[in-house]
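Let me begin by presenting the structure, written as C-alpha coordinates, before commenting on it.
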Amino acid sequence: MPILATQFLADLTRVAQLLGAGAHVLNACADRYHFTVGLAASLVSGKLSLLPSTHTPEVIRQLTAFAPDVICLTDEVDCDIDLPRVPFPGAAAAGSASPAPVPAIDTAQLAACVFTSGSTGTPVPHRKSWGRLIACVREEANRLGLSGSTCAIVATVPPQHMYGFESSVLLALGCGHALCAERPFYPADIAAVLCAVPRPRILVSTPIHLRALLESGTALPPADLIVSSTAPLTPQLAAEVEQRFNTRLLEIYGSTETGQISARRPTHTPEWRLWPGVTLSVRDGETWAQGGHIEQPTRLCDVLEMTGEETFLLHGRVSDLVNIAGKRSSLAYLNQQLNCIPGVLDGAFFHFDDSRASHAGVARVAACVVAPQLDAARVVQELRRRIDPVFLPRPLLLVARLPRTSTGKLPQEALRSLAAAHLQSGGIA
Amino acid sequence: MSEKVSPLRQPTAPASAAALVHEVAGLVVAALNLDLAPADIDADAPLYGEGLGLDSIDILEIALVVSKQYGVQLRADSEENERIFGSLRRLADYITAHRTK
(Lines give C-alpha, C1' and ligand atoms only; values in the text may rest on other atoms or scores of the structure.)
Protein backbone atom coordinates (compact mmCIF):
# COMPACT_ATOMS: atom_id res chain seq x y z
CA MET A 1 0.00 0.00 0.00
CA PRO A 2 1.57 3.32 -1.01
CA ILE A 3 2.56 5.81 1.68
CA LEU A 4 1.98 9.43 0.75
CA ALA A 5 4.14 12.42 1.68
CA THR A 6 1.57 13.63 4.24
CA GLN A 7 1.89 10.33 6.09
CA PHE A 8 5.68 10.53 5.92
CA LEU A 9 5.64 14.05 7.39
CA ALA A 10 3.33 12.95 10.18
CA ASP A 11 5.50 9.90 10.91
CA LEU A 12 8.74 11.86 11.06
CA THR A 13 7.12 14.35 13.45
CA ARG A 14 6.01 11.47 15.66
CA VAL A 15 9.43 9.78 15.64
CA ALA A 16 11.27 13.07 16.22
CA GLN A 17 9.43 13.37 19.54
CA LEU A 18 10.80 10.00 20.68
CA LEU A 19 14.48 10.60 20.03
CA GLY A 20 15.29 12.32 23.33
CA ALA A 21 17.81 15.04 24.08
CA GLY A 22 21.03 13.44 22.78
CA ALA A 23 22.71 14.61 19.60
CA HIS A 24 23.39 11.20 17.97
CA VAL A 25 21.16 8.44 16.61
CA LEU A 26 22.20 4.98 15.49
CA ASN A 27 19.51 4.30 12.90
CA ALA A 28 19.35 0.49 12.82
CA CYS A 29 15.91 0.20 11.17
CA ALA A 30 15.83 -2.65 8.67
CA ASP A 31 12.72 -1.43 6.87
CA ARG A 32 13.78 1.23 4.38
CA TYR A 33 10.74 3.39 5.08
CA HIS A 34 11.37 3.27 8.84
CA PHE A 35 15.01 4.10 8.21
CA THR A 36 14.04 7.07 6.05
CA VAL A 37 11.57 8.34 8.65
CA GLY A 38 14.31 7.97 11.28
CA LEU A 39 16.77 9.91 9.14
CA ALA A 40 14.27 12.71 8.52
CA ALA A 41 13.27 12.80 12.21
CA SER A 42 16.94 13.11 13.15
CA LEU A 43 17.43 15.88 10.58
CA VAL A 44 14.53 18.01 11.80
CA SER A 45 15.68 17.63 15.40
CA GLY A 46 19.27 18.54 14.58
CA LYS A 47 20.68 15.11 15.41
CA LEU A 48 23.46 13.33 13.56
CA SER A 49 22.65 9.87 12.17
CA LEU A 50 25.50 7.44 12.79
CA LEU A 51 25.84 4.76 10.11
CA PRO A 52 28.49 2.18 10.98
CA SER A 53 28.62 -0.64 8.43
CA THR A 54 28.05 -3.33 11.03
CA HIS A 55 26.67 -3.64 14.57
CA THR A 56 29.01 -6.08 16.31
CA PRO A 57 29.42 -5.56 20.08
CA GLU A 58 32.92 -4.14 19.51
CA VAL A 59 31.64 -1.59 16.97
CA ILE A 60 28.85 -0.55 19.34
CA ARG A 61 31.42 -0.11 22.13
CA GLN A 62 33.53 2.11 19.84
CA LEU A 63 30.42 4.03 18.82
CA THR A 64 29.62 4.76 22.46
CA ALA A 65 33.14 6.08 22.96
CA PHE A 66 32.69 8.31 19.89
CA ALA A 67 29.25 9.59 20.92
CA PRO A 68 28.33 8.78 24.55
CA ASP A 69 24.78 10.11 24.10
CA VAL A 70 23.96 7.83 21.16
CA ILE A 71 20.60 6.06 21.16
CA CYS A 72 19.50 3.25 18.86
CA LEU A 73 16.36 3.61 16.74
CA THR A 74 15.26 0.09 15.86
CA ASP A 75 12.32 -1.71 14.28
CA GLU A 76 13.48 -5.20 15.28
CA VAL A 77 11.69 -6.71 18.28
CA ASP A 78 14.70 -8.87 19.15
CA CYS A 79 17.29 -6.11 18.63
CA ASP A 80 20.29 -6.90 20.86
CA ILE A 81 22.30 -3.72 20.29
CA ASP A 82 23.65 -2.67 23.66
CA LEU A 83 22.51 0.98 23.62
CA PRO A 84 19.45 2.82 24.96
CA ARG A 85 16.84 1.70 22.45
CA VAL A 86 13.95 3.64 20.92
CA PRO A 87 11.53 1.21 19.24
CA PHE A 88 10.11 2.49 15.97
CA PRO A 89 6.46 3.26 16.84
CA GLY A 90 3.56 1.32 15.36
CA ALA A 91 1.38 2.91 12.71
CA ALA A 92 -0.69 5.89 13.82
CA ALA A 93 -4.45 5.70 13.43
CA ALA A 94 -5.43 6.52 9.87
CA GLY A 95 -6.50 10.10 9.32
CA SER A 96 -5.10 11.20 12.67
CA ALA A 97 -2.28 13.08 11.01
CA SER A 98 -2.72 16.80 10.70
CA PRO A 99 -0.91 18.07 7.59
CA ALA A 100 2.65 19.07 8.52
CA PRO A 101 4.78 21.40 6.39
CA VAL A 102 7.74 20.00 4.47
CA PRO A 103 10.74 20.86 6.64
CA ALA A 104 13.57 22.91 5.12
CA ILE A 105 16.98 21.53 6.04
CA ASP A 106 20.02 23.82 6.01
CA THR A 107 22.49 22.59 3.41
CA ALA A 108 25.33 23.06 5.91
CA GLN A 109 23.66 20.84 8.54
CA LEU A 110 25.55 17.64 9.29
CA ALA A 111 23.17 14.83 8.41
CA ALA A 112 25.10 11.60 8.67
CA CYS A 113 28.35 10.16 9.87
CA VAL A 114 29.76 7.06 8.21
CA PHE A 115 32.82 5.16 9.37
CA THR A 116 35.81 3.46 7.83
CA SER A 117 38.10 1.14 9.74
CA GLY A 118 41.24 2.95 10.74
CA SER A 119 44.56 1.12 10.83
CA THR A 120 44.85 1.69 14.59
CA GLY A 121 41.65 -0.17 15.39
CA THR A 122 39.58 2.95 15.99
CA PRO A 123 36.97 3.61 13.29
CA VAL A 124 37.46 6.88 11.42
CA PRO A 125 34.31 9.05 11.22
CA HIS A 126 33.34 10.87 8.02
CA ARG A 127 30.70 13.55 8.54
CA LYS A 128 28.40 14.39 5.66
CA SER A 129 26.46 17.60 5.27
CA TRP A 130 22.93 17.48 3.91
CA GLY A 131 23.67 19.82 1.01
CA ARG A 132 26.61 17.80 -0.26
CA LEU A 133 24.79 14.49 0.09
CA ILE A 134 21.90 15.83 -1.96
CA ALA A 135 24.18 17.47 -4.55
CA CYS A 136 25.82 14.08 -5.06
CA VAL A 137 22.61 12.13 -5.64
CA ARG A 138 21.16 14.83 -7.90
CA GLU A 139 24.14 14.25 -10.15
CA GLU A 140 23.57 10.52 -9.80
CA ALA A 141 19.98 11.03 -10.99
CA ASN A 142 21.33 12.93 -14.01
CA ARG A 143 23.76 10.19 -14.84
CA LEU A 144 21.19 7.47 -14.45
CA GLY A 145 18.90 9.37 -16.80
CA LEU A 146 16.17 9.81 -14.19
CA SER A 147 15.62 13.54 -14.49
CA GLY A 148 12.06 14.39 -15.37
CA SER A 149 10.51 11.09 -14.31
CA THR A 150 9.32 9.64 -11.04
CA CYS A 151 10.59 6.12 -10.50
CA ALA A 152 10.02 3.43 -7.89
CA ILE A 153 13.30 2.31 -6.35
CA VAL A 154 13.75 -1.29 -5.19
CA ALA A 155 17.07 -1.97 -3.47
CA THR A 156 18.73 -5.17 -2.26
CA VAL A 157 21.36 -3.25 -0.29
CA PRO A 158 20.87 -1.95 3.26
CA PRO A 159 20.06 1.74 3.76
CA GLN A 160 22.89 2.02 6.31
CA HIS A 161 25.67 1.47 3.76
CA MET A 162 26.86 4.44 1.72
CA TYR A 163 25.78 2.95 -1.60
CA GLY A 164 22.32 1.95 -0.39
CA PHE A 165 21.99 5.18 1.58
CA GLU A 166 22.68 7.26 -1.53
CA SER A 167 21.07 5.20 -4.26
CA SER A 168 17.84 4.39 -2.46
CA VAL A 169 17.09 6.70 0.50
CA LEU A 170 18.74 9.93 -0.69
CA LEU A 171 17.87 9.43 -4.35
CA ALA A 172 14.21 9.22 -3.33
CA LEU A 173 14.29 12.12 -0.84
CA GLY A 174 16.46 14.42 -2.92
CA CYS A 175 15.11 13.78 -6.40
CA GLY A 176 11.42 13.04 -5.92
CA HIS A 177 11.39 9.27 -6.46
CA ALA A 178 9.43 6.61 -4.63
CA LEU A 179 11.10 4.17 -2.30
CA CYS A 180 10.24 0.56 -1.68
CA ALA A 181 10.35 -0.29 2.03
CA GLU A 182 11.31 -3.92 1.56
CA ARG A 183 14.85 -5.16 1.26
CA PRO A 184 14.35 -8.30 -0.83
CA PHE A 185 17.05 -10.92 -0.40
CA TYR A 186 16.26 -14.16 -2.25
CA PRO A 187 15.94 -14.06 -6.04
CA ALA A 188 12.22 -14.90 -5.87
CA ASP A 189 11.71 -12.02 -3.39
CA ILE A 190 13.56 -9.54 -5.59
CA ALA A 191 11.42 -10.50 -8.58
CA ALA A 192 8.20 -10.31 -6.53
CA VAL A 193 8.96 -6.91 -4.99
CA LEU A 194 10.00 -5.50 -8.35
CA CYS A 195 6.82 -6.83 -9.90
CA ALA A 196 4.68 -5.20 -7.19
CA VAL A 197 5.76 -1.61 -7.79
CA PRO A 198 4.65 0.54 -10.72
CA ARG A 199 6.91 1.38 -13.63
CA PRO A 200 9.21 3.06 -14.29
CA ARG A 201 11.08 1.04 -11.66
CA ILE A 202 14.74 0.73 -10.79
CA LEU A 203 16.60 -2.15 -9.20
CA VAL A 204 19.56 -1.02 -7.06
CA SER A 205 21.72 -4.04 -6.39
CA THR A 206 25.15 -5.69 -6.35
CA PRO A 207 26.98 -8.25 -8.50
CA ILE A 208 26.24 -10.93 -5.89
CA HIS A 209 22.47 -10.41 -5.98
CA LEU A 210 22.37 -9.91 -9.75
CA ARG A 211 24.25 -13.11 -10.39
CA ALA A 212 21.96 -15.05 -8.04
CA LEU A 213 18.93 -13.50 -9.74
CA LEU A 214 20.05 -14.59 -13.21
CA GLU A 215 21.13 -18.07 -12.20
CA SER A 216 18.14 -18.91 -10.03
CA GLY A 217 15.75 -19.50 -12.90
CA THR A 218 13.28 -17.02 -11.40
CA ALA A 219 11.09 -15.28 -13.98
CA LEU A 220 12.38 -11.71 -14.19
CA PRO A 221 9.83 -8.89 -14.40
CA PRO A 222 10.68 -5.99 -16.69
CA ALA A 223 12.69 -3.19 -15.09
CA ASP A 224 13.56 0.22 -16.46
CA LEU A 225 17.07 0.49 -15.07
CA ILE A 226 19.46 -1.74 -13.16
CA VAL A 227 22.10 -0.11 -10.96
CA SER A 228 25.04 -2.03 -9.54
CA SER A 229 27.89 -1.13 -7.23
CA THR A 230 30.23 -2.49 -4.49
CA ALA A 231 32.37 -4.43 -6.99
CA PRO A 232 32.77 -4.32 -10.76
CA LEU A 233 30.58 -6.73 -12.72
CA THR A 234 32.24 -9.08 -15.12
CA PRO A 235 31.53 -8.04 -18.74
CA GLN A 236 29.62 -11.30 -19.28
CA LEU A 237 27.36 -10.74 -16.29
CA ALA A 238 26.77 -7.10 -17.28
CA ALA A 239 25.74 -8.13 -20.80
CA GLU A 240 23.47 -10.88 -19.49
CA VAL A 241 21.76 -8.54 -17.02
CA GLU A 242 20.96 -6.08 -19.82
CA GLN A 243 19.72 -8.83 -22.07
CA ARG A 244 17.54 -10.61 -19.51
CA PHE A 245 15.98 -7.43 -18.12
CA ASN A 246 15.91 -5.82 -21.54
CA THR A 247 17.15 -2.54 -20.10
CA ARG A 248 20.25 -0.51 -19.28
CA LEU A 249 22.67 -1.50 -16.55
CA LEU A 250 24.71 1.29 -15.00
CA GLU A 251 27.51 0.86 -12.51
CA ILE A 252 28.40 3.35 -9.81
CA TYR A 253 31.86 3.83 -8.34
CA GLY A 254 32.54 5.65 -5.11
CA SER A 255 33.71 5.15 -1.56
CA THR A 256 32.45 5.59 1.96
CA GLU A 257 34.58 8.74 2.34
CA THR A 258 33.71 10.42 -0.95
CA GLY A 259 30.29 9.03 -1.72
CA GLN A 260 29.56 8.30 -5.37
CA ILE A 261 31.88 10.01 -7.81
CA SER A 262 31.48 8.27 -11.16
CA ALA A 263 29.41 5.92 -13.29
CA ARG A 264 29.65 3.87 -16.46
CA ARG A 265 27.60 1.61 -18.67
CA PRO A 266 29.88 -1.44 -18.77
CA THR A 267 28.43 -2.88 -21.97
CA HIS A 268 29.41 0.35 -23.74
CA THR A 269 32.71 1.34 -22.14
CA PRO A 270 35.16 0.24 -19.46
CA GLU A 271 35.79 3.91 -18.64
CA TRP A 272 34.23 5.57 -15.62
CA ARG A 273 33.13 9.19 -15.99
CA LEU A 274 33.43 11.49 -12.98
CA TRP A 275 30.66 13.68 -11.60
CA PRO A 276 31.19 17.29 -12.80
CA GLY A 277 33.44 19.23 -10.44
CA VAL A 278 35.07 16.10 -9.02
CA THR A 279 38.72 15.76 -10.00
CA LEU A 280 41.37 13.12 -9.40
CA SER A 281 45.04 13.75 -8.83
CA VAL A 282 47.99 11.45 -8.29
CA ARG A 283 50.43 12.19 -5.48
CA ASP A 284 53.25 9.84 -4.58
CA GLY A 285 51.58 7.03 -6.45
CA GLU A 286 48.28 7.51 -4.61
CA THR A 287 45.06 8.71 -6.20
CA TRP A 288 43.16 11.49 -4.45
CA ALA A 289 39.66 12.72 -5.18
CA GLN A 290 38.49 16.25 -4.49
CA GLY A 291 36.02 18.93 -5.55
CA GLY A 292 32.31 18.75 -6.23
CA HIS A 293 30.37 17.30 -3.28
CA ILE A 294 33.48 15.75 -1.68
CA GLU A 295 33.94 17.16 1.83
CA GLN A 296 37.76 17.14 1.75
CA PRO A 297 40.51 15.74 -0.50
CA THR A 298 40.38 11.98 -0.01
CA ARG A 299 42.83 9.23 -0.84
CA LEU A 300 41.11 6.45 -2.80
CA CYS A 301 41.76 2.86 -1.81
CA ASP A 302 41.74 1.59 -5.41
CA VAL A 303 44.27 1.68 -8.20
CA LEU A 304 42.98 4.09 -10.87
CA GLU A 305 44.36 5.07 -14.25
CA MET A 306 43.33 8.46 -15.62
CA THR A 307 42.40 8.28 -19.29
CA GLY A 308 41.16 11.87 -19.67
CA GLU A 309 40.07 14.93 -17.71
CA GLU A 310 36.89 13.22 -16.55
CA THR A 311 37.51 9.54 -17.22
CA PHE A 312 39.46 6.71 -15.65
CA LEU A 313 39.90 2.94 -15.57
CA LEU A 314 39.68 0.97 -12.36
CA HIS A 315 42.44 -1.57 -11.80
CA GLY A 316 41.52 -3.10 -8.45
CA ARG A 317 42.16 -2.59 -4.81
CA VAL A 318 45.15 -1.26 -2.95
CA SER A 319 46.47 -4.39 -1.24
CA ASP A 320 45.52 -3.41 2.31
CA LEU A 321 41.88 -2.88 1.41
CA VAL A 322 39.33 -5.60 1.99
CA ASN A 323 35.97 -5.19 0.26
CA ILE A 324 33.54 -8.06 0.58
CA ALA A 325 29.99 -7.58 -0.64
CA GLY A 326 30.25 -3.84 -0.20
CA LYS A 327 31.51 -4.08 3.35
CA ARG A 328 34.91 -2.55 3.65
CA SER A 329 37.73 -3.08 6.05
CA SER A 330 41.48 -3.18 5.95
CA LEU A 331 43.94 -5.95 6.66
CA ALA A 332 45.52 -3.66 9.26
CA TYR A 333 42.23 -3.30 11.14
CA LEU A 334 41.42 -7.01 10.97
CA ASN A 335 44.94 -7.85 12.17
CA GLN A 336 44.58 -5.45 15.05
CA GLN A 337 41.32 -7.09 16.13
CA LEU A 338 42.79 -10.58 15.75
CA ASN A 339 45.84 -9.79 17.84
CA CYS A 340 43.68 -8.34 20.64
CA ILE A 341 42.25 -11.79 21.37
CA PRO A 342 43.68 -13.22 24.62
CA GLY A 343 45.78 -16.25 23.70
CA VAL A 344 46.64 -15.09 20.18
CA LEU A 345 50.43 -14.61 20.09
CA ASP A 346 50.67 -13.56 16.48
CA GLY A 347 48.25 -13.54 13.59
CA ALA A 348 47.70 -12.03 10.18
CA PHE A 349 44.91 -11.79 7.62
CA PHE A 350 45.68 -12.03 3.92
CA HIS A 351 43.94 -12.13 0.55
CA PHE A 352 43.51 -15.75 -0.42
CA ASP A 353 41.67 -15.96 -3.71
CA ASP A 354 40.77 -19.60 -3.85
CA SER A 355 38.49 -21.24 -6.39
CA ARG A 356 35.49 -19.64 -4.77
CA ALA A 357 36.62 -16.21 -5.93
CA SER A 358 35.79 -16.94 -9.53
CA HIS A 359 32.97 -19.29 -8.61
CA ALA A 360 30.76 -16.96 -6.63
CA GLY A 361 32.30 -13.58 -7.35
CA VAL A 362 33.21 -13.25 -3.69
CA ALA A 363 36.85 -13.22 -2.66
CA ARG A 364 37.22 -13.92 1.04
CA VAL A 365 40.12 -13.32 3.36
CA ALA A 366 42.09 -15.99 5.21
CA ALA A 367 44.25 -15.80 8.32
CA CYS A 368 47.23 -17.58 9.83
CA VAL A 369 47.24 -17.54 13.62
CA VAL A 370 49.75 -18.55 16.28
CA ALA A 371 47.71 -19.47 19.36
CA PRO A 372 48.97 -22.66 21.02
CA GLN A 373 46.37 -22.54 23.80
CA LEU A 374 43.32 -22.01 21.56
CA ASP A 375 41.52 -24.00 18.90
CA ALA A 376 40.32 -22.47 15.63
CA ALA A 377 36.67 -22.48 16.68
CA ARG A 378 37.51 -20.39 19.76
CA VAL A 379 39.47 -17.85 17.72
CA VAL A 380 36.58 -17.55 15.24
CA GLN A 381 34.13 -17.18 18.12
CA GLU A 382 36.20 -14.30 19.54
CA LEU A 383 36.52 -12.68 16.11
CA ARG A 384 32.77 -12.86 15.61
CA ARG A 385 32.31 -10.45 18.53
CA ARG A 386 34.68 -7.96 16.96
CA ILE A 387 34.33 -7.97 13.18
CA ASP A 388 31.58 -8.36 10.63
CA PRO A 389 31.01 -12.03 9.74
CA VAL A 390 31.90 -11.47 6.07
CA PHE A 391 35.48 -10.87 7.20
CA LEU A 392 35.76 -14.07 9.24
CA PRO A 393 38.79 -15.90 7.84
CA ARG A 394 38.28 -18.75 5.40
CA PRO A 395 40.20 -20.68 6.22
CA LEU A 396 41.66 -19.87 9.62
CA LEU A 397 44.90 -21.80 9.91
CA LEU A 398 46.64 -22.42 13.23
CA VAL A 399 50.37 -22.42 12.59
CA ALA A 400 53.52 -22.70 14.71
CA ARG A 401 54.81 -19.31 13.58
CA LEU A 402 54.25 -16.71 10.88
CA PRO A 403 56.67 -16.39 7.94
CA ARG A 404 58.13 -13.06 9.04
CA THR A 405 61.24 -11.72 7.33
CA SER A 406 64.31 -10.77 9.36
CA THR A 407 62.93 -7.23 9.60
CA GLY A 408 59.63 -8.52 10.95
CA LYS A 409 57.71 -7.86 7.77
CA LEU A 410 55.06 -10.28 6.67
CA PRO A 411 54.76 -10.49 2.87
CA GLN A 412 51.27 -11.48 1.68
CA GLU A 413 52.85 -13.93 -0.74
CA ALA A 414 54.64 -15.74 2.10
CA LEU A 415 51.34 -16.09 3.95
CA ARG A 416 49.66 -17.48 0.83
CA SER A 417 52.49 -20.00 0.35
CA LEU A 418 52.30 -21.06 3.98
CA ALA A 419 48.54 -21.50 3.74
CA ALA A 420 48.77 -23.44 0.49
CA ALA A 421 51.40 -25.80 1.98
CA HIS A 422 49.33 -26.15 5.14
CA LEU A 423 46.19 -27.06 3.20
CA GLN A 424 48.12 -29.45 0.94
CA SER A 425 49.42 -31.37 3.94
CA GLY A 426 45.90 -31.67 5.29
CA GLY A 427 46.80 -29.73 8.41
CA ILE A 428 43.53 -27.92 8.58
CA ALA A 429 42.73 -26.14 11.74
CA MET B 1 38.99 -33.00 3.51
CA SER B 2 39.31 -36.73 3.04
CA GLU B 3 35.81 -37.14 1.68
CA LYS B 4 35.18 -34.95 -1.34
CA VAL B 5 31.83 -35.41 -2.97
CA SER B 6 30.53 -34.34 -6.33
CA PRO B 7 26.97 -33.62 -5.30
CA LEU B 8 25.72 -32.91 -8.77
CA ARG B 9 26.39 -36.49 -9.75
CA GLN B 10 24.37 -37.89 -6.89
CA PRO B 11 20.85 -39.16 -7.47
CA THR B 12 18.25 -36.44 -6.95
CA ALA B 13 15.70 -38.74 -5.36
CA PRO B 14 17.24 -40.07 -2.15
CA ALA B 15 15.58 -43.00 -0.47
CA SER B 16 15.26 -41.41 2.95
CA ALA B 17 15.39 -38.18 4.87
CA ALA B 18 18.87 -39.07 6.14
CA ALA B 19 20.09 -39.50 2.60
CA LEU B 20 18.72 -36.10 1.62
CA VAL B 21 20.41 -34.51 4.63
CA HIS B 22 23.68 -35.99 3.45
CA GLU B 23 23.09 -34.90 -0.11
CA VAL B 24 22.28 -31.31 0.94
CA ALA B 25 25.36 -31.30 3.18
CA GLY B 26 27.40 -32.24 0.11
CA LEU B 27 25.82 -29.42 -1.89
CA VAL B 28 26.54 -26.89 0.86
CA VAL B 29 30.15 -27.99 1.24
CA ALA B 30 30.73 -27.90 -2.52
CA ALA B 31 28.89 -24.60 -3.11
CA LEU B 32 30.70 -22.80 -0.30
CA ASN B 33 34.01 -24.59 -0.71
CA LEU B 34 34.06 -25.36 3.02
CA ASP B 35 37.00 -27.12 4.62
CA LEU B 36 34.73 -29.85 5.91
CA ALA B 37 33.50 -33.28 4.96
CA PRO B 38 29.70 -33.28 4.50
CA ALA B 39 29.43 -35.79 7.34
CA ASP B 40 31.16 -33.31 9.66
CA ILE B 41 28.23 -30.89 9.51
CA ASP B 42 26.00 -31.36 12.54
CA ALA B 43 22.58 -31.89 10.98
CA ASP B 44 20.89 -30.15 13.92
CA ALA B 45 23.23 -27.15 14.41
CA PRO B 46 22.25 -23.70 13.11
CA LEU B 47 23.67 -22.88 9.69
CA TYR B 48 23.55 -19.12 10.19
CA GLY B 49 25.76 -17.20 12.66
CA GLU B 50 26.99 -19.47 15.44
CA GLY B 51 27.14 -23.14 14.59
CA LEU B 52 28.38 -23.60 11.04
CA GLY B 53 29.00 -19.84 10.94
CA LEU B 54 27.59 -19.00 7.52
CA ASP B 55 26.75 -15.42 6.61
CA SER B 56 24.16 -13.91 4.30
CA ILE B 57 26.32 -14.27 1.19
CA ASP B 58 26.54 -18.01 1.91
CA ILE B 59 22.81 -18.25 2.50
CA LEU B 60 22.19 -16.66 -0.90
CA GLU B 61 24.61 -19.16 -2.43
CA ILE B 62 22.79 -22.07 -0.79
CA ALA B 63 19.45 -20.70 -1.97
CA LEU B 64 20.83 -20.66 -5.50
CA VAL B 65 22.08 -24.24 -5.35
CA VAL B 66 18.81 -25.42 -3.83
CA SER B 67 16.81 -23.71 -6.58
CA LYS B 68 18.94 -25.29 -9.30
CA GLN B 69 19.04 -28.76 -7.80
CA TYR B 70 15.52 -29.12 -6.44
CA GLY B 71 13.52 -26.33 -8.09
CA VAL B 72 12.78 -24.79 -4.68
CA GLN B 73 12.70 -20.99 -4.70
CA LEU B 74 13.26 -19.79 -1.13
CA ARG B 75 11.25 -16.77 -0.03
CA ALA B 76 12.01 -14.50 2.91
CA ASP B 77 8.32 -13.94 3.59
CA SER B 78 7.34 -17.58 3.84
CA GLU B 79 6.37 -18.46 7.36
CA GLU B 80 8.80 -21.32 7.68
CA ASN B 81 11.70 -19.26 6.48
CA GLU B 82 13.15 -18.52 9.89
CA ARG B 83 13.22 -22.23 10.58
CA ILE B 84 14.67 -23.27 7.25
CA PHE B 85 18.21 -22.29 8.06
CA GLY B 86 17.82 -23.39 11.68
CA SER B 87 19.67 -26.55 10.73
CA LEU B 88 20.65 -28.74 7.83
CA ARG B 89 17.84 -31.15 8.74
CA ARG B 90 15.21 -28.40 8.58
CA LEU B 91 16.55 -27.24 5.24
CA ALA B 92 16.30 -30.83 3.95
CA ASP B 93 12.76 -31.11 5.33
CA TYR B 94 11.78 -27.92 3.56
CA ILE B 95 13.24 -29.22 0.30
CA THR B 96 11.32 -32.49 0.68
CA ALA B 97 8.07 -30.60 1.11
CA HIS B 98 8.60 -28.16 -1.76
CA ARG B 99 10.82 -29.82 -4.33
CA THR B 100 9.69 -29.78 -7.93
CA LYS B 101 12.56 -31.86 -9.26
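Letters go in sequence order (proteins before strands), and every chain restarts at 1.
Using a 4.5 Å heavy-atom threshold, the side chains of D189(A) and L74(B) count as separate. At least one side-chain heavy atom of F185(A) sits less than 4.5 Å from a side-chain heavy atom of I59(B).
In this structure, Q73(B) and A188(A) approach most closely via the heavy-atom pair CB-CB, 4.0 Å. When every heavy atom of S216(A) is checked against every heavy atom of S67(B), the shortest pair comes out as O-OG, 3.6 Å.
One finds the CG atom of L32(B) at 8.0 Å from the CZ atom of R364(A) (value rounded to the nearest 0.5 Å). In this structure, CD in E61(B) is found 4.5 Å from CZ in R211(A), a value given to the nearest 0.5 Å.
Within 6.0 Å of CG in D375(A) there are more than 12 heavy atoms belonging to other residues, nucleotides or ligands. Counting non-hydrogen atoms of neighbouring residues, nucleotides and ligands closer than 6.0 angstrom, the CZ atom of R378(A) reaches no more than 12 such neighbours.
A212(A) is linked by a side-chain contact (heavy atoms from CB on, under 4.5 Å) to P187(A), L60(B), L64(B), counting only residues two or more places apart in sequence or in another chain.
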Open item on the list: Working note: I57(B) + K327(A), criterion side-chain contact (heavy atoms from CB on, under 4.5 Å); need CA distance, chi angles, decisive distance, verdict.
Closed with: CA-CA 12 Å; I57(B) 303 171; K327(A) 298 203 174 189; over 6 Å; no
